[in-house]
Amino acid sequence: MFDKVWLIPIFPIIGVLINGLLGRRIEEINKDIVHWVACVAVGLSFVLTCVLFFQMLGLPPDQRLYEFTWFDWISGGVLHTYVAYQIDPLSMMMCMFVTGVGFLIHVYSIGYMYHEEGRYYRFFTYLNLFMFSMINLILANNYLLLFLGWEGVGLCSYLLIGFWFSEEANAIAGKKAFITNRVGDFGFILGLLLLYTQLGAHGVWSLQFSEVFPHVHLLSPSMATAICLLLFVGCTAKSAQIPLYVWLPDAMAGPTPVSALIHAATMVTSGVYMIARSNILYSLSPFAMGVVATFGALTAIFAASIGLVQNDIKKVLAYSTVSQLGYMFLGLGVGAFAAGMFHVLTHAFFKALLFLGSGSVIHAMHHGLHKVHSHADAQDMRNMGGLKDKTPITYVTFLIATLAIAGIPGFSGFFSKDEILWQTYAHGHFVLWLIGAVAAGMTAFYMFRLVFMTFFNECRAPDGAAEHLHESPKSMTVPLMILAFLAAVGGYLGVPKALGGNNRIEHFLEPVMGLGPEKLLKKAGAAMAGGAHHLAEAAHGAAEHAAAAGHAVAGHAAAMAEHAGAHHSLFAEYLLMGISVAIALIGIFIAYTMYIRKRELPAKLAESFPFLYRLLLNKWYVDELYELVVIKPIHGFSQLLWKGVDVAIVDGTVNGVARVVGWFSGVIRYLQSGYVQSYAVSVVLGTVVLIIYYFIKALS
Amino acid sequence: MEMLEFVVPALNVKAILPQLILSLTALTVLLVDVFADREAGKTSAANGLIAVVGVVAALFSALLTIGMRESAYSGMVLADGFSSFISVIICVVALLTVLSSINYQRSCPALDSGEYYCLLLFAAVGMMFMGAAGNLLLLFLALETMSISIYVLAGFRSTDAKSIESALKYFLLGAFASGFLLFGFALLYGATGTMDVVKIGAFLTAHPEVIHSRLLLGGVALMTVGFGFKMAMFPFHMWTPDVYEGAPTVVTGFMATGVKAAAFAAFMRVFFIALGHLQVDWTAIMWLAAFLTMTIGNVVALSQTNIKRMLAYSSIAHAGYLLVGFVAGTKMGQAAILFYLLSYAFTNLGAFGVIALLAKKDGGEYTELKDFAGLGFKYPGMGLAMAVFMFSMAGIPPASGFMGKFYLFSSAIKSGFVWLAIFGVINSVISLYYYLRVTVVMYFQEAEEEVVMPKASPAIVVGLVLAALGVLQMGILPSYLWDLAQFSIKTMIM
Amino acid sequence: MELIMLLLCGGFAIVTSLMVIFAKNTIHSALWMVASFFFMAVLYLLLRAEFIAILQIIVYAGAIMMFIIYAIMMLNIRQEEGEKAPVRKSKVVGVVALLVLFLELLVVAVNKGVLAMHGPITDQLMQKYGQIAVLSNFLFSDYLLAFELASILLTAGVVGAVVLAKQKQ
Amino acid sequence: MVAYQNLYMALAVVLFIIGAIGAITRRNAIVVFMCIEIMLGAVNLLFITFSRANQSLDGIFMVLFVMAVAAAEAAVGLAIFILMYRKKGTINVESFNLMKW
């Protein structure tokens, strides 16, 4: 059965082909066929994934790895890359919820996008293409195929953000996402190249996981660090971490199901997945791990602080996504890979739910405002309020998701977030823990602020639009309910030991990572043995490298073992749990006070701390900072040097690098004078230089 | 006086079969056109169809000759895997060009003549001989056959000032550069006493002291100039944008792909087979040339508003990428060049084919970027095709450009030129900007004036589909052609 | 004797070539060019390439130059236009670069004792059979393919010239 | 060996450079073309010198074919010059400057 794994990506691509090539015709005949094709395709993938998943569960843990080689893809010299898929706990878990959540969002999109005329098929084509790429990213058994998926999801994201491209802001947001991601991809490619050549220097010319990971200990520590950091640059773009997170909030310009699927539940977690997948590599570099953890924690609190004051419902959720992704990286960075992945899972449920819920709210608001011909912003929470009674299902499901993200005990977010915070503390990162805990309080505050502003109090919609607000269609509410169920109970998959559970997720993922201290030591021992084997063959220089790597592994393992000593103090764990719950409750309480009880308070606060308020409202002025530090100086410089001619360079985009290059380009092309004899002169000059070069070469 | 005995030469037809077929087709087209009876104001696809038949036959014969490894006509022609692969590339180039010409000639009746297709095929014959030449003499003749045909093709819209200017510039500079190339050949001949590529290699192996003689080094430098000119290598690239912009669009595509492929083939044959011993000497300067060529091409392309001119600069950049494979210098690097040339042929001819679709009724062309605004949704097939080709040029998977760059850069890395590979990657990131701009304009901008595409003939539809399939095939399942490219390099006659 | 002829004809070739560049009148340039080709032909004779010398006069000085002069007459271009236009800087750069190139090429070309392979023809063979017999023999055996390709080249040239120059409505 | 081989070669270099100077300075397209012919002539001289020095036929044949190429180039080139003249009434290469940058 496992060798049918190639069917999983095949279904969505068939959907792409049908809708992409014939969609226009199909849509003219019958719109319903379009979404049937798309949903069935993803549904089939999901079902097949489930079948494989349960089949895998039937195997003993140490046999849960199956590699399926579909066909020979690229073979160049010593490099052989195949289109090959890997079935193991990590990929199957990820694939399960990606196809599952993806399926639900496909269904939801039927209701949300049905009124799109003439572009309906395109939307579903993009969604299916996205599923195809994402599945490739997850199931790939080598970095190259992973990278193909990585680029593919980026492309789909770009297409979908700009889906309503007739508004310029959306097109610009799409462009911003694409360019920011390319910056990250650049780092990623460099990382891959470095990994490939460095391992190649040790005779391992491969990018296949099962070839790479058993040999990464051959890398020198500094090389491992460089590779890890470069790969992490890719993650900061794709998974929206400081400093490349800027595209994600703007990406909310896309349709809401897209925000839910791509920019919350699945694509943005691919960076987390990649690092979890490469955990053995990352374990070699404590420094890189530290960087990951620090950036994660900083992103978590930074984005949360911006979320405190946003008024656009989707912007709040966007910043909350950035913040939650920060948590995941925090988990990864402190070595709790399983906890990070656990949070990916629970986050997928509740964040998809939040987005779909907000989509349902926006849908309702749109209808209401449309009825009374109001041009008020359907996404602005200041226009909402009192929706509790108009859209009851949305309200209840939304509340469940909010409780989950706020970390209220019993809901999924609690277990995963707490596991991350506890592991952070247990590994001795007190400051990071503190940052995480404070960010948790902020999360609770802004999420409840959102709930209170949207669903409670009186309705603030203008011109009597309130009467026209009503619940969304079935195809939208049913996915909400399913996701609400998952968001509520999803956490029980991984109840920690301290609460009487057995940390099932961690055990499940153990064959892939779960590099617990003891295991790591054992592996390090094996690595040293492997290194010794190499020693026998390799020259002295290489031997030193291997020894150094061995030392680093051993040292890190020892440090981890030391921290794990604290693992058994149950008391500390309970205490921390209590503290974080208390912080969350305080956050909720403040929100309650400010937005239900004393509703004049927010305005007052904003008045008394105008600076802080403006700072947060304007997102710490990061976009402006980029504008000021990167774009403005370059722009001014080019203006100074080359006045009036720069119209031709860049069509007013916010890309600073492009401006510099464009200026440079203008100068060079000035040499292109159009006179044929000037060109002949350049030929002569080239000749003169070439001959001189060869003379010098011959003399030396 | 006694007579010298005349030895009847062995006529090895198989070794030059594709060239022979194309030459005969060219003459057929020329003859048939004389008797063609045209209705006033109508164009005829007959010439094009004859050319298509000939090119397809040549393509099959080129595929048939894969696996041959013999030198024919006293070493003038080396029929080996390398020349077969080049012939295949040239056939693909010629086929796609003819297919788009059949459509293009509707709006530009000047091209509807036997002479046009005849010269096109003659140029292709010259290109193929450049790939197969085992002797500098034949190489020079082949190069001039190609060049003279293309001087004329560039000026084919003989009432258009730009077209004339294009022909003029190409002609004068081409002849000028030929002078340098010939001077280089002469010095090489003086230093080694032969013009046979294989014999030069053998001579230098036997006499290492000649390798660093001034005569030989001067020859190498001057030949680099001559070949560099045809390849559009910095600083001999200056003619490219002007000539490409002015030539009829279909001819531009032909030049950008065919001339480049043939020039690289000849360059590789001479430098790796005859002058392989100098590899350590040329590495540094070619490194610099590769870097500057791709950087300047990309950077200047950024500020272009005319799409043909932009693609001209981009073709300079692609020459830079190809030189990366040359700098790597290994078998893998050489195979990567072949692979990239084929990929580039599909991609670039596809792109120019799309541009050629938009001919004006009065014979003019829409070539400004803004003319393409909003066309993506208006003509979805065209928009999709253009997007595929642009993505391929930018090197985004799964298009062939990605695989091509992957092979080129990894060959460079494997030979230790990590920095060159990094600059290559940076360059492809820069290039993304202007390639993407084309799709952005096509899909996300409103048209300023109504641009109407005349109905496309079936020929160009077939051509564009073939090109797109080629791009995707090479991008998604590159193994087969990659193996073939490697095989071609391995079976090169040393 | 050979040296005197060489110096004399070489000197004249240089002077006439310079006159091609410096003559104001295009027709004069062309005529100086014809003269230059004659001196070149003498040099070929000195190098015992009689056949090429004859060709030089028939093909170059005879056919090609007549062709050029005919074109000049037809277009009625006597004087170079735009004489008053300022000399562009790139030309100055170019001339300087060419002078450097001149030195470089002198260093390249003027050296002794290059050891190259010999063959396939010796002076004895030429003496024995006559140059034209030897050349034609080889032209149709070893160089047959080149000969055929040259025919394609010339066809392309003729077709091209016709197609470009024919008057279109 | 050829007597005075270096003199011949130096002469070829001088003629080549003279041709090149003419080609990049003169404005009249026909004169430019003639200057390029001088360059080719210089190369021919070089080929014949080497042909004799190396006692090989390749050089002589090369000259033969260079002449054929020169003839074809002359035909095409003059056709282009006639086109130029028809379009603009001049064959000054500097007045053909539509495309740049």
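Order of the sequence lines fixes the chain letters, A, B, ..., with proteins taken first and strands second; residue numbering starts at 1 for each chain. Values below: all heavy atoms of this structure, side chains included; hydrogens, waters and symmetry mates excluded.
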Engineer: Compare all side-chain heavy atoms of C/Glu148 with those of C/Ile152 and state whether any distance is below 4.5 angstrom.
Structural biologist: no

Engineer: Side chain, backbone, both or neither: which part of C/Phe51 has an atom under 4.5 Å from a heavy atom of chain D?
Structural biologist: side chain

Engineer: So which of D/Ala42, D/Gly77, D/Ala20, D/Ser51 has the largest heavy-atom pair count under 4.5 angstrom toward chain C?
Structural biologist: D/Ala20

Engineer: Below 4.5 Å from any heavy atom of chain C, which atoms of D/Ile30 appear? Answer side chain, backbone, both or neither.
Structural biologist: side chain

Engineer: Below 4.0 angstrom, N of the basic side chain to O of the carboxylate: do D/Arg26 and D/Glu94 qualify?
Structural biologist: no

Engineer: Please identify, among C/Gly11, C/Gly160, C/Ser29, C/Ala150, the residue contributing the most non-hydrogen atom pairs under 4.5 Å to chain D.
Structural biologist: C/Ser29

Engineer: Examine distances only and state if a side-chain atom of D/Tyr85 and a backbone atom of C/Leu75 form a donor-acceptor pair shorter than 3.5 Å.
Structural biologist: yes

Engineer: Counting only non-hydrogen atoms closer than 4.5 Å, does C/Leu149 touch chain D with its backbone (N, CA, C, O), its side chain (CB onward), both, or neither?
Structural biologist: neither

Engineer: At a 4.5 Å cut-off on heavy atoms, which part of D/Ala23 comes close to chain C: side chain, backbone, both, or neither?
Structural biologist: neither

Engineer: What option among D/Phe33, D/Phe81, D/Phe61, D/Phe65 has the most heavy-atom pairs under 4.5 Å with chain C?
Structural biologist: D/Phe61

Engineer: Taking side chain as everything from C-beta outward and backbone as N, CA, C, O, which of these in C/Glu104 sits under 4.5 Å from a heavy atom of chain D? Side chain, backbone, both or neither.
Structural biologist: neither

Engineer: For each of D/Val63, D/Ile80, D/Ile48, tally heavy-atom pairs with chain C at distances under 4.5 Å, and name the one with the top tally.
Structural biologist: D/Ile48

Engineer: Do any N or O atoms from the side chain of D/Lys88 and from the backbone of D/Phe96 form a donor-acceptor pair under 3.5 angstrom?
Structural biologist: no

Engineer: Taking everything shown except C/Arg48 itself, do over 12 heavy atoms lie less than 6.0 Å from its CZ?
Structural biologist: no

Engineer: Donor-acceptor pair, distance only, cut-off 3.5 Å: does the side chain of D/Gln5 make one with the backbone of D/Ala53?
Structural biologist: no

Engineer: With a 4.5 Å limit on heavy-atom distance, are the side chains of D/Glu73 and D/Val76 in contact?
Structural biologist: no

Engineer: At a heavy-atom separation under 4.5 Å, does D/Phe50 approach chain C through its side chain, its backbone, both, or neither?
Structural biologist: neither

Engineer: Quick check on C/Ala97 against chain D: is it the side chain, the backbone, both or neither that has a heavy atom closer than 4.5 Å?
Structural biologist: neither

Engineer: Under a plain distance cut-off of 3.5 Å, with no hydrogens placed, do D/Glu37 and C/Tyr60 share a side-chain donor-acceptor pair?
Structural biologist: yes

Engineer: Does some side-chain heavy atom of D/Met67 sit less than 4.5 Å from a side-chain heavy atom of C/Leu55?
Structural biologist: yes

Engineer: Only pairs of heavy atoms separated by less than 4.5 Å count here; which of C/Ser36, C/Ala30, C/Ala13, C/Ala63 has the most with chain D?
Structural biologist: C/Ala30

Engineer: Taking C/Leu47, C/Leu6, C/Ile21 one by one, which has the highest count of heavy-atom pairs under 4.5 Å against chain D?
Structural biologist: C/Leu47

Engineer: Less than 4.5 Å apart, side chain to side chain, heavy atoms only: is that true for C/His28 and C/Met33?
Structural biologist: no

Engineer: Identify which part of D/Ile24 has an atom lying under 4.5 Å from any heavy atom of chain C, answering side chain, backbone, both or neither.
Structural biologist: both

Engineer: Any idea which of D/Leu78, D/Ile82, D/Val69 has the most non-hydrogen atom pairs under 4.5 angstrom with chain C?
Structural biologist: D/Leu78

Engineer: Go through the atoms of C/Leu3 and report whether side chain, backbone, both or neither lie under 4.5 Å from a heavy atom of chain D.
Structural biologist: both

Engineer: If you count heavy-atom pairs under 4.5 Å with chain D, which of C/Leu99, C/Val158, C/Leu46 comes out on top?
Structural biologist: C/Leu46

Engineer: Ring centroid separation for C/Phe147 and C/Phe140, is it under 6.0 angstrom?
Structural biologist: yes

Engineer: Heavy-atom distance under 4.5 Å to chain C: side chain of D/Leu83, backbone, both or neither?
Structural biologist: side chain

Engineer: With only heavy atoms counted, which part of D/Ile21 is less than 4.5 Å from chain C, the side chain, the backbone, both or neither?
Structural biologist: both

Engineer: Pick whichever of C/Val59, C/Val92, C/Leu43 has the most heavy-atom pairs under 4.5 Å with chain D.
Structural biologist: C/Leu43

Engineer: Which region of C/Phe67, side chain (C-beta onward) or backbone (N, CA, C, O), has a non-hydrogen atom less than 4.5 Å from a non-hydrogen atom of chain D, or is it both or neither?
Structural biologist: both

Engineer: Tell me whether the count of non-hydrogen atoms from other residues, nucleotides or ligands lying under 6.0 Å of CZ in C/Phe39 goes above 12.
Structural biologist: yes

Engineer: Got D/Phe16 and D/Ile38 here, is their nearest side-chain heavy-atom distance under 4.5 Å?
Structural biologist: no

Engineer: Under a 4.5 Å cutoff for heavy-atom pairs, which residue among C/Leu101, C/Thr155, C/Ile64 has the most contacts with chain D?
Structural biologist: C/Ile64

Engineer: With the side chain counted from C-beta on, respond yes when C/Asp142 and C/Asn137 share a heavy-atom pair under 4.5 Å apart, and no when they do not.
Structural biologist: no

Engineer: Side chain, backbone, both or neither: which part of D/Ile60 has a heavy atom under 4.5 Å from chain C?
Structural biologist: both

Engineer: Please look at D/Thr49 and chain C and tell me whether the side chain, the backbone, both or neither of the residue comes under 4.5 angstrom of a heavy atom of that chain.
Structural biologist: both

Engineer: Just wondering, do C/Met66 and C/Tyr70 contact through their side chains at under 4.5 Å, heavy atoms?
Structural biologist: no

Engineer: Which answer fits C/Leu105, side chain, backbone, both or neither, if we ask what part of it has an atom under 4.5 Å from a heavy atom of chain D?
Structural biologist: both

